[in-house]
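By convention in this document, chain letters (A, B, ...) are assigned in the order of the sequence lines, proteins followed by strands, and residues within each chain are numbered from 1.
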Amino acid sequence: MPELPEVETVRRGLRELLPGRTIAKAEYSHSKSFPNASVDVDQSLIGATIMDVRRRAKVLIIELSTNYSLVIHLKMTGQLVFRSHKVRFGAGHPNDSLIGDLPDRSTRVTLTFTDHSKLFFNDQRKFGWMRLMPSTEVPNIDFMQRVGPEPLEADFTWKAMRDRLLVHRKTSIKAALLDQTVIAGVGNIYADESLWGAKIHPATQVQSLGDRDFMVLHKALVDVLTLSIEKGGSTDRNYVDAEGKRGNYLRFANVFRRDGQACPRHPNIMIVKIKVAGRGTHICPQCQQL
DNA sequence: CACTTGACCTGTCCGC
DNA sequence: TGCGGACAGGTCAAGT
């Protein structure tokens with residue numbers, strides 16, 4: 001579930017919390033989650049000071065003073081939560097924390113810093129991963145080589161978006177939006193939200209869209225991603241930010257998870273949930289027609 | 001080749 | 001209440 005706005009929210013949180021801290025200990029249990037076949041963890045991780053926290057698409061990159069980096073993909077249920085040793089609060093705490101004491105049964109990796117604060121990598125479904133690798137190798141991994149442009153960068157114009165999408169002109173616009181090699185960071189929530197915003201049916205073939213459509217879709221996508229970052233991302237089930245707090249975007253969502261409710265543009269029309277590109281897809285049947 | 005489907009996992013929810 | 005099955009959605013491998 002973490003998409004660009006969620007991962008960006010985590011990045012901003014960690015950027016405030018981690019740089020300057022030095023790793024004293026690393027605990028990990030699940031071999032698929034961490035670390036990596038060929039890296040000496042003690043050598044490259046223990047004693048390393050965190051320098052910066054970056055993001056590319058849905059991937060987080062924690063840069064270390066050892067010239068190694070922790071590269072993290074949260075996939076669907078991953079969480080990256082920082083806890084200072086002094087603070088203990090669980091679900092129901094007034095600060096809107098979604099999760100309780102850590103580690104819990106979904107904790108895959110625990111990093112302990114020299115000041116006794118901790119960073120927990122939780123992942124209920126074990127799809128996510130954390131890799132440790134030389135920083136110079138990060139741009140060379142397959143995903144980085146193939147991933148498309150960042151939609152919130154200045155050079156991501158509507159024409160740039162159109163040209164990327166048209167590479168896959170026979171497929172549905174929804175499948176194209178979800179393809180990370182086309183545009184970086186868009187997932188199911190923001191694909192549905194932006195297509196509703198642009199009044200485009202998700203099953204529309206890319207090649208049948210005109211420049212007007214691409215222009216409107218571009219604005220809808222950029223607007224929805226920007227708004228979601230402002231609201232701290234979307235918490236549907238598992239997602240929390242670097243402090244364990246929920247995101248608030250879904251309160252502002254127009255269609256996602258709103259099947260059975262009225263379309264904001266059509267008080268008498270119900271949003272319905274269909275399947276497009278193998279994914280649950282929410283549309284207003286009035287606004288979005290094939 | 002271009003595109004679609006299945007696998008990876010676990011927890012939750014629905015219907016019988 | 002118990003239980004099987006569908007579903008959740010990011011990405012890559014396998015299939016059409």
Between A/A277 and A/R108, just flag the one whose closest nucleotide in DNA chain B comes earlier from the 5' side. A/A277

Mind checking what makes salt bridge (Lys or Arg N to Asp or Glu O under 4.0 Å) contact with A/R258, not counting sequence neighbours? none

How far, in whole Å, is C/dT11 from B/dT12 if one measures between their C1' atoms? 23 Å

Round to the nearest Å and state the distance from A/L4 atom CG to C/dG10 atom P. 12 Å

Starting at atom CZ of A/R131, determine the distance to atom P of C/dC12, rounded to an integer number of angstrom. 12 Å

Whole angstroms only, please: what is the CZ-P distance between A/R279 and C/dA8? 10 Å

Which residues, if any, of residues 224-234 of chain A bring a heavy atom under 4.0 Å of DNA chain B? none

Whole-Å gap separating P (C/dA8) and CZ (A/F127): 14 Å

Quick one: list whatever passes ring pair (Phe, Tyr, Trp, His ring centres under 6.0 Å) with A/F252, sequence neighbours left out. none

Just to verify, what does A/M144 make a side-chain contact (heavy atoms from CB on, under 4.5 Å) with, not counting sequence neighbours? A/R56, A/V59, A/I61, A/V138, A/I141

At a heavy-atom distance below 4.0 Å, what parts of residues 137-151 of chain A sit against DNA chain C? A/F143, A/R146

Spacing of A/L74 atom CG relative to C/dG10 atom P, expressed in whole Å: 12 Å

Distance, rounded to the nearest Å, where A/R125 contributes CZ and C/dT11 contributes C1': 12 Å

Can you name the residues that form a side chain to side chain donor-acceptor pair (under 3.5 Å) with A/T226, not counting sequence neighbours? none

Please assess A/E3 against A/K58 for the test salt bridge (Lys or Arg N to Asp or Glu O under 4.0 Å), listing each intermediate value before the final yes or no. CA-CA 6 Å; A/E3 306 180 27; A/K58 301 171 189 171; 5.6 Å; no

Compute the centroid of each ring, for A/Y249 and then for A/Y190, and state whether the two points are separated by less than 6.0 Å. yes

Taking only Watson-Crick and G-U wobble pairs with both distances under 3.5 Å, what dot-bracket line describes DNA chain B, where [ ] shows pairs that cross earlier ones and | shows pairs with another strand? .|||||||.|||||||

Report the residues that fulfil side chain to side chain donor-acceptor pair (under 3.5 Å) with A/T77, sequence neighbours left out, ordered by chain and then residue number. A/D123

Which salt bridge (Lys or Arg N to Asp or Glu O under 4.0 Å) pairs, counting each pair once, include a residue from residues 168-187 of chain A, with sequence neighbours left out? A/K174-A/D192

Of residues 165-183 of chain A, the positions that come close to DNA chain B - non-hydrogen atoms, cut-off under 4.0 Å: A/H168, A/R169, A/K170, A/T171

Can you measure A/N238 atom CG to C/dC7 atom C1' for me and round it to whole angstrom units? 14 Å

Hey, where on DNA chain B does chain A first and last touch, going 5' to 3'? Cut-off is any atom under 4.0 Å from a heavy atom. B/dC3 to B/dG11

Side chain to side chain donor-acceptor pair (under 3.5 Å) involving A/R265 - partner list, sequence neighbours excluded: none

Measure CG/A/D259 against P/C/dA8 and give the value in whole Å, please. 9 Å

